[in-house]
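Working notes, structure below.
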There are 2 protein chains.
Amino acid sequence: MKIAFRYRVMLKNKKNVDNIFVIDYNLTIKTNHKINMVAIHFNIKKQRKDIMLKMEDVAKLANVSTATVSRVLSNNKNVSHKTREKVLEIINQLEYKPNKLASNFRKKTSETVAVILPDIENPFFAEIIKGCRDEALKNGFHLLLCDTSNSVEQEKEFTELVKERFVDGIILATARMPKGEIYNLSQEIPVVLACEYVESYEIPTVSIDNVTAAREATEYLLDQGHKRIGIITGPLEVIVSRDRVKGYRQALLLRDIPVQDFFIQEGDFSVKSGYDIMMKFLASEQKPTAIFASSDAMALGALKACKNKGLRVPDDISIIGFDDIPLCTLVEPELTTISQPKYEMGCQAMKMLLNIIDKNDLQQKQIVLPHKLIIRQTTN
Amino acid sequence: MKIAFRYRVMLKNKKNVDNIFVIDYNLTIKTNHKINMVAIHFNIKKQRKDIMLKMEDVAKLANVSTATVSRVLSNNKNVSHKTREKVLEIINQLEYKPNKLASNFRKKTSETVAVILPDIENPFFAEIIKGCRDEALKNGFHLLLCDTSNSVEQEKEFTELVKERFVDGIILATARMPKGEIYNLSQEIPVVLACEYVESYEIPTVSIDNVTAAREATEYLLDQGHKRIGIITGPLEVIVSRDRVKGYRQALLLRDIPVQDFFIQEGDFSVKSGYDIMMKFLASEQKPTAIFASSDAMALGALKACKNKGLRVPDDISIIGFDDIPLCTLVEPELTTISQPKYEMGCQAMKMLLNIIDKNDLQQKQIVLPHKLIIRQTTN
DNA sequence: CTGAAAGCGCTTACAG
DNA sequence: CTGAAAGCGCTTACAG
């Protein structure tokens with residue numbers, strides 16, 4: 001039995017850059033025994049930061065200056081084809097990787113973008129993150145994820161933290177801090193709002209038309225013959241919540257149906273708040289026959305409450321949600337909802353942000369993506 | 001009507017550090033009109049990176065050297081109380097923030113920890129992330145989130161990317177790359193495995209006892225009188241999946257029930273795979289009367305399949321899941337499952353990692369946290 | 001197209 | 001307890 005393999009060893013002195021040895025070994029093991037399994041175990045030493053290869057080493061071996069190596073690495077055109085090839089050859093041989101800490105420091109950039117969002121556990125944001133991430137990675141940027149747990153204080157703190165880190169830009173998927181502060185932030189550092197937006201200031205934004213979407217949802221319920229429609233809103237300090245209430249009101253007004261205050265109840269986007277509010281609705285004299293919830297999570301809470309009270313959905317009561325999270329098709333009956341192009345929103349927001357970072361002119365500062373009513377089984 | 005407010009302006013020349021002016025203004029506006037709303041709009045200029053305050057500026061104003069300022073900032077004890085106070089005073093006045101890019105470069109650290117996970121959309125990992133994050137932030141570390149989308153290639157790529165960035169450590173919540181590579185990685189850079197583990201190498205790990213947990217789940221079904229129990233496994237290249245099968249086998253063997261190959265079907269942790277496999281089970285002659293799914297997602301898929309086929313759960317068939325994600329209580333009937341201390345696992349993993357980074361000795365290299373069988377409504 | 005040299009803003013070993 | 005000075009590993013304006 002014979003086993004052969006090759007390995008490469010690199011030796012480098014701490015100070016003397018003229019001493020880089022690249023040694024390739026061929027190792028052959030012969031034995032008379034049969035070997036069924038071979039565990040080859042190299043005890044690789046901790047990568048010693050003090051003897052890592054530097055640009056200087058590459059430069060010496062390639063007989064050029066570090067300036068040239070740097071130019072090759074940054075795809076600067078001012079390098080002759082021949083020189084570039086030579087340098088690249090050495091870089092490959094040594095498996096040299098430039099020190100990002102140094103270059104970022106030098107260039108005053110971190111090649112990192114922060115995404116600040118209210119709740120990472122919410123699958124709605126998971127999709128947004130994926131969009132952001134794919135677009136960022138494609139352009140060599142990393143993502144710093146900041147989950148504010150719905151707290152304005154956390155939101156402010158993160159914007160500070162993140163500035164100290166020299167992140168190159170921020171995507172705000174939550175915007176609960178005062179409008180003025182968000183505006184100021186956007187003057188200091190590239191900022192794009194995703195999902196949310198800020199009134200009266202021109203901050204780059206990607207979102208859907210929440211008013212129209214909510215109006216359509218409500219109109220659909222009206223079309224089904226419902227007259228007593230309750231709305232479970234998101235927290236009213238966030239603007240998309242208010243927009244959805246606005247759309248709800250518009251729909252009713254257009255049909256000359258009076259808006260009843262009792263039918264407008266404020267939740268907080270959580271399952272529990274949907275459940276609690278639904279219970280309240282069900283306990284009242286004038287029960288609504290249909291519910292429009294401002295998030296799928298709340299709709300699911302409401303659905304649960306109905307079931308617990310022995311009501312059949314949609315026969316006794318119709319429910320419509322908002323967001324179209326994957327869960328919608330897992331519950332019974334499947335949830336009718338308004339779908340937002342989540343992944344696309346993430347992509348677009350990141351594209352916009354990278355454009356701002358690159359100081360390109362934006363053709364459009366406000367992008368409104370299309371939503372869609374998805375009729376499933378909780379409405380009739 | 002009269003409005004008064006104060007604001008502070010800081011002026012600094014690019015080169016001449018002796019020229020820092022801090023000016024406080026008091027501004028008063030008087031008017032005879034009634035003012036209901038006042039929008040005060042300062043056009044704050046983009047924070048110019050080239051004139052940002054530096055340590056040198058602080059040092060000059062405090063009449064000390066930058067070395068001393070640096071010592072104050074890093075809580076080095078070799079500074080007299082008086083000097084420290086003086087420096088701190090100036091730092092506060094100027095609202096000076098040290099340049100993290102510079103100090104990280106100098107110290108060869110990034111104060112960042114990477115968390116590599118298979119799927120950010122899975123609420124199971126969201127909880128783990130929260131644990132990691134809280135623990136990291138508490139210690140001044142940032143989190144770089146890397147979602148591999150269940151791809152081994154992505155996993156490898158991220159470990160490379162992340163090394164280039166000088167992250168101080170890595171938490172692997174997925175471990176599908178070859179054992180040897182993971183081991184090598186752990187020799188180069190601090191690594192802690194969360195959820196998964198690697199056989200035969202001593203890599204710091206936080207997990208539950210998957211074998212025992214799976215055995216208990218199966219035993220519970222056996223206790224309910226089930227004899228034909230199917231298992232929907234996770235991908236068998238991941239070790240926790242194999243462990244759960246092992247526990248399942250143990251339970252059957254202990255009761256002298258023969259293990260049938262057909263009853264062991266491999267899924268991929270997704271809802272869809274649970275659905276598909278359940279359909280396959282239901283189409284067979286010898287239907288199982290109970291299902292143990294290796295993840296809640298797959299259990300939910302299976303539940304859905306049963307409903308679609310008109311079967312009642314748990315009367316016709318029992319289902320038990322794994323993980324205890326929030327969704328469990330949202331579906332009907334609520335899902336019986338094995339609960340993992342997700343948040344705690346994240347915390348512990350991060351604590352361990354930070355200990356390794358600080359070069360503290362670990363009392364324990366393998367932490368096994370307790371799991372718990374949670375009986376709800378899908379089993380009887 | 002290329003190189004010598006300055007400099008980014010800190011930290012730290014050394015000397016006092 | 002404090003400071004002068006070197007140096008971390010790059011990039012870039014400048015000169016040729």
Side-chain angles (χ1 to χ4, degrees), chain A residues 12 14-15 17 20 47-88 90-91 94 96-111 163-166, chain B residues 12 14-15 17 20 47-88 90-91 94 96-111 163-166:
Chain A
K12 175 173 184 295
K14 188 165 175 177
K15 281 288 142 199
V17 295
I20 305 176
Q47 199 165 42
R48 284 187 49 197
K49 291 182 182 174
D50 55 341
I51 56 164
M52 281 177 67
L53 247 32
K54 327 190 225 181
M55 198 168 270
E56 203 184 338
D57 302 330
V58 176
K60 285 243 177 181
L61 284 182
N63 277 318
V64 296
S65 69
T66 59
T68 301
V69 179
S70 178
R71 288 193 191 100
V72 170
L73 250 12
S74 61
N75 284 318
N76 186 314
K77 59 247 137 265
N78 287 330
V79 185
S80 74
H81 181 70
K82 223 179 109 191
T83 311
R84 182 182 302 277
E85 291 297 293
K86 186 174 60 180
V87 171
L88 248 20
I90 300 285
I91 287 177
L94 297 181
Y96 165 72
K97 301 256 184 280
N99 182 330
K100 284 273 179 192
L101 247 32
S103 64
N104 285 347
F105 161 56
R106 193 44 239 274
K107 293 188 293 186
K108 294 188 208 297
T109 149
S110 62
E111 291 179 348
K163 272 194 285 174
E164 280 178 36
R165 287 266 174 157
F166 285 78
Chain B
K12 177 175 183 293
K14 188 166 175 178
K15 283 287 143 201
V17 294
I20 305 176
Q47 199 165 41
R48 284 186 52 196
K49 291 183 182 174
D50 56 341
I51 55 163
M52 280 176 67
L53 246 32
K54 328 190 223 182
M55 198 168 271
E56 203 185 337
D57 302 330
V58 176
K60 284 246 177 179
L61 283 183
N63 275 319
V64 295
S65 68
T66 59
T68 301
V69 177
S70 178
R71 289 192 192 100
V72 169
L73 249 13
S74 62
N75 282 317
N76 185 313
K77 58 243 137 270
N78 287 330
V79 184
S80 75
H81 181 73
K82 222 179 110 192
T83 311
R84 180 180 303 278
E85 291 297 292
K86 187 174 59 181
V87 171
L88 248 20
I90 300 285
I91 287 177
L94 295 182
Y96 164 72
K97 301 257 185 280
N99 181 330
K100 284 272 180 195
L101 247 33
S103 64
N104 285 346
F105 160 56
R106 193 45 238 273
K107 292 188 292 185
K108 295 188 206 300
T109 150
S110 62
E111 291 180 345
K163 272 195 285 175
E164 280 177 36
R165 286 266 173 157
F166 285 77

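Within every chain, numbering begins at 1; the chains are lettered A, B, ... in the order of the sequence lines, protein sequences first and strands thereafter.
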Checking V87(A) against V79(A) for the side chain to side chain contact (heavy atoms under 4.5 Å, CB included) test, could you report, in this order, the C-alpha distance in whole Å, the side-chain angles of both residues, the deciding distance, and whether it holds? CA-CA 10 Å; V87(A) 171; V79(A) 185; over 6 Å; no

Taking the same atom, P, in dC14(C) and in dC10(C), what whole-Å distance lies between them? 24 Å

Is [X] close enough to [N] that one of its side-chain N or O atoms is under 4.0 Å from OP1 or OP2 there?
X       : N       : value
Y96(A)  : dG9(D)  : no
S70(A)  : dT11(D) : yes
S65(B)  : dA4(D)  : no
K108(A) : dC8(C)  : no

Under a 4.5 Å cut-off applied to non-hydrogen side-chain atoms, are [X] and [Y] in contact?
X      : Y      : answer
V69(A) : I90(A) : no
T83(B) : R71(B) : no
N76(A) : R84(A) : no

Nearest-Å distance for atom pair [atom1]/[atom2], residues [X] and [N]:
X       : N       : atom1 : atom2 : answer
E56(A)  : dA5(C)  : CD    : C1'   : 13 Å
N63(A)  : dG3(C)  : CG    : C1'   : 13 Å
M52(A)  : dC8(D)  : CE    : C1'   : 13 Å
K100(A) : dC8(C)  : NZ    : P     : 22 Å
N104(B) : dC10(D) : CG    : P     : 16 Å
L101(B) : dC8(D)  : CG    : P     : 18 Å
M55(B)  : dT12(C) : CE    : P     : 11 Å
K107(B) : dG9(C)  : NZ    : P     : 17 Å

If I compare all heavy atoms of [X] with all of [Y], which pair ends up nearest, and what's the gap?
X       : Y       : result
E111(A) : R165(B) : O-NH2, 2.9 Å
E164(B) : K97(A)  : OE2-CD, 3.2 Å
L73(B)  : M55(B)  : CD2-CE, 3.7 Å

Report the secondary structure of DNA chain C in dot-bracket form, marking unpaired bases with a dot and bases paired to a different strand with |, and treating Watson-Crick or G-U pairs with both distances under 3.5 Å as paired. |||.||||||||.|||

Hey, which of V58(A), V64(A), L88(A) is the one that makes side-chain contact (heavy atoms from CB on, under 4.5 Å) with V72(A)? L88(A)

Between L61(B) and Y96(B), is the side chain to side chain contact (heavy atoms under 4.5 Å, CB included) condition met? List the steps. CA-CA 12 Å; L61(B) 283 183; Y96(B) 164 72; over 6 Å; no

For T66(B) and for N99(A), locate the closest nucleotide of DNA chain D by heavy-atom distance; then report the residue assigned to the nucleotide nearer the 5' terminus. T66(B)

By nearest atom, which of the nucleotides dT11(D), dA6(D), dC10(D) is closest to the R106(B) side chain? dA6(D)

Within the distance-only criterion (no hydrogens, no angle test), does the side chain of S110(A) pair as donor or acceptor with the backbone N or O of F166(A) below 3.5 angstrom? yes

Could you go through nucleotides 13-16 of chain D and list every protein N or O atom that sits under 3.5 Å from one of its N or O atoms, giving the distance for each pair?
| from | atom 1 | to | atom 2 | distance (Å) |
| --- | --- | --- | --- | --- |
| dA13(D) | N6 | R71(A) | NH2 | 3.3 |

Find the distance between NZ (K107(A)) and OG (S74(A)) and round it off to the nearest 0.5 Å. 7.5 Å

What residues from residues 73-81 of chain A pass a heavy-atom cutoff of under 4.0 Å to DNA chain D? none

Walk me through it: do T68(A) and S65(A) pass the test side chain to side chain contact (heavy atoms under 4.5 Å, CB included)? CA-CA 5 Å; T68(A) 301; S65(A) 69; 3.3 Å; yes

